[in-house]
Amino acid sequence: MKLATWNVNSLNVRLPHVEQWCTSARPDLLGIQETKLEDAKFPRTAIEALGYEVVFSGQKTYNGVALLAKQPIRDVVTDVPGLDDPQRRILVANVGELRVANLYVVNGQAVGSEKYAYKLDWLDKVTRFLEGELRNDPRLIVMGDFNIAPDDRDVYDPLAWKEQILCSTPERDALRRLLDLGLVDSFRRFDESAGKYSWWDYRQAGFRRDLGLRIDLVLAGAPVMERAEAASIDREPRTWERPSDHAPALLELSDV
DNA sequence: ATGGTCGATCTTCGA
C-alpha cells in the first residue's frame, strides 16, 4: 500500500499534474493540500475517473484539503473540537484499517506575527485532538504540509533560517509534542541524510539551485511503522511545466 | 539591487 501527501497549490491549476502523477505513481491513498476550491467547484468526476474515492473540505481562494483513496473512505471529520476555525485545513477519515489525518498546517508568515500565534494555537489544538484519535486506535497516519522543517538537516541553509518561520524552536517543539504522542517521521526511518527536500520557493530559482526545505511529512503510529517498507520524496512533478512548489512525500506499507 | 514568483482576485494578499 502506497500513501502520499502533496501540496498542489491550486487543484484548479494542478489537476493535470494530479492526474499524471496518480496514473504513473499509483498511490493507494493521497492527501492533497491547498486545493483553493470551494466544495461546489471540486473536480470530483475527474478524480473518480482516476479510480479513486474522494472527500474534500475546501473554501474559496485559500487552504482546502482532500483525501483520495482506492478503498472506501468513512467517518470523515473536518472540524476539531475547540477549534472554531473557518479555515479548511484538516480532514480525518478511515481508509481500510487505517485512520488518516490530512493536515495543511498554518504557514505562520513570520515569527511573532498574529499568524504565528494562530499557527501555534492551531497545532496545540490539533495535537490534543489527535491524542484522542491515537488513544482510540494507534493505527494512525498524520500526513500533510506541516510548514515546519523538523531539524537542520531539512533546511538548505540552517544559519539563514535559524529561528525563522518554518524553523523556529516553538514550531519544532510543537511538532515534537505531536510526535511524542507516539508518531514517527517515517522518512527518517529510511533516510537520515541532510538535503532531502519537499518544497522549493518559486523565487530565486529555488528548485534549480536545490534551495529547499523538507516540510511535507508522513507521520505514522507504531503499528503502521511495523509495516513500513520505504519512504521517499518524488521530485519529478516539481520538474514538470507550471509545477506546484511542493513535491509528493510517500510511505509504502506491506499489505496486511 | 532591500528584489525575486506563483495563484486567486484585485491592483493586494498569502505563501
Side-chain angles (χ1 to χ4, degrees), chain A residues 5-21 31-43 46-47 56-66 83 85-91 102-123 126 143-150 154-168 170-172 174-175 197-217 233-249:
Chain A
T5 174
W6 192 8
N7 180 323
V8 299
N9 186 18
S10 169
L11 184 56
N12 197 34
V13 173
R14 232 65 69 188
L15 179 59
H17 283 199
V18 170
E19 291 172 329
Q20 178 63 44
W21 193 72
I32 288 177
Q33 305 87 37
E34 281 206 273
T35 57
K36 299 187 178 180
L37 286 173
E38 53 194 320
D39 290 348
K41 296 191 173 171
F42 192 93
I47 298 297
F56 38 86
S57 176
Q59 66 185 96
K60 201 174 170 183
T61 309
Y62 303 120
N63 310 311
V65 285
L83 187 62
D85 190 359
Q87 301 194 23
R88 302 289 81 197
R89 297 180 173 276
I90 182 164
L91 208 162
N102 180 30
L103 308 184
Y104 175 46
V105 176
V106 179
N107 174 284
Q109 194 176 54
V111 173
S113 67
E114 272 183 36
K115 293 194 179 89
Y116 184 74
Y118 165 54
K119 180 178 197 171
L120 295 179
D121 181 62
W122 191 93
L123 283 164
V126 169
M143 59 164 60
D145 175 359
F146 282 74
N147 270 316
I148 301 170
D154 304 309
V155 183
Y156 68 92
D157 186 346
L159 197 58
W161 284 80
K162 188 179 172 62
E163 296 303 335
Q164 300 301 304
I165 195 67
L166 316 185
C167 299
S168 73
E171 291 166 87
R172 286 176 169 173
L175 176 60
Y197 309 131
S198 66
W199 169 83
W200 301 261
D201 201 309
Y202 286 124
R203 293 167 287 191
Q204 297 177 301
F207 184 67
R208 182 179 59 74
R209 301 162 67 201
D210 201 21
L211 307 180
L213 304 179
R214 190 175 68 92
I215 56 177
D216 300 275
L217 312 175
I233 298 166
D234 186 356
R235 299 164 58 104
E236 202 205 325
R238 191 62 176 77
T239 70
W240 295 346
E241 193 173 342
R242 208 177 177 193
S244 168
D245 44 353
H246 295 253

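Excluded from the calculations below are hydrogen atoms, water molecules and symmetry mates; all remaining heavy atoms, backbone and side chain alike, are included. Just so we're on the same page: letters track the sequence lines, and every chain starts at 1.
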What is the distance, to the nearest angstrom, from the [atom1] atom on [X] to the [atom2] atom on [N]?
| X | N | atom1 | atom2 | answer |
| --- | --- | --- | --- | --- |
| A/Asn63 | B/dA8 | CG | C1' | 13 Å |
| A/Arg14 | B/dA15 | CZ | C1' | 13 Å |
| A/Gln59 | B/dG7 | CD | C1' | 14 Å |
| A/Trp199 | B/dT5 | CH2 | P | 14 Å |
| A/Glu38 | B/dT9 | CD | P | 8 Å |
| A/His246 | B/dG7 | NE2 | P | 13 Å |
| A/Arg203 | B/dG7 | CZ | P | 14 Å |
| A/Tyr202 | B/dT5 | OH | P | 13 Å |

Looking across every strand, which nucleic acid part, if any, lies under 4.0 Å from A/Tyr104 by heavy atom: base, sugar-phosphate, or nothing?
->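 The residue A/Tyr104 makes sugar-phosphate contact but no base contact.
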[atom1] atoms of [N] and [M], separation to the nearest Å:
| N | M | atom1 | value |
| --- | --- | --- | --- |
| B/dG7 | B/dG3 | P | 22 Å |
| B/dG4 | B/dT12 | P | 14 Å |
| B/dT9 | B/dC13 | C1' | 9 Å |
| B/dT11 | B/dC6 | P | 22 Å |

5' precedence on DNA chain B between A/Asp201 and A/Glu34 (nearest-nucleotide basis) = A/Asp201
Hey, which of these two, A/Leu11 or A/Gln204, hits DNA chain B nearer its 5' end, going by closest nucleotide?
-> A/Gln204
Aromatic ring proximity A/Trp21/A/Trp240, centre distance under 6.0 Å = no
Which of these passes side chain to side chain contact (heavy atoms under 4.5 Å, CB included) with A/Leu213: A/Asn147, A/Leu166, A/Asp154?
->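 In the set A/Asn147, A/Leu166, A/Asp154, the residue that makes a side chain to side chain contact (heavy atoms under 4.5 Å, CB included) with A/Leu213 is A/Leu166.
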Determine whether A/Arg235 and A/Trp200 make a side-chain contact, defined as any pair of heavy atoms from C-beta on separated by less than 4.5 Å.
-> yes
Decide yes or no for A/Leu11 and A/Phe42: does some side-chain heavy atom of the first lie under 4.5 Å from some side-chain heavy atom of the second?
-> yes
N/O to N/O distances under 3.5 Å, protein versus nucleotides 12-14 of chain B:
residue : atom : partner  : partner atom : Å
B/dG14  : OP2  : A/Lys115 : NZ           : 3.3

Which of the following nucleotides, B/dA8, B/dG4, B/dC6, is nearest to the side chain of A/Ser10?
-> B/dA8
For A/Arg242 and A/Arg14 the tightest heavy-atom approach is O-NH1, 2.8 Å
Supply the atom-to-atom distance A/Trp199 CH2 to A/Asp245 CG, rounded to the nearest 0.5 angstrom.
->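 CG of A/Asp245 is found 7.0 Å from CH2 of A/Trp199.
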Option among A/Asn63, A/Asn9, A/Thr5, A/Asn7 that satisfies the side chain to side chain donor-acceptor pair (under 3.5 Å) test with A/Gln33 |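 That would be A/Thr5.
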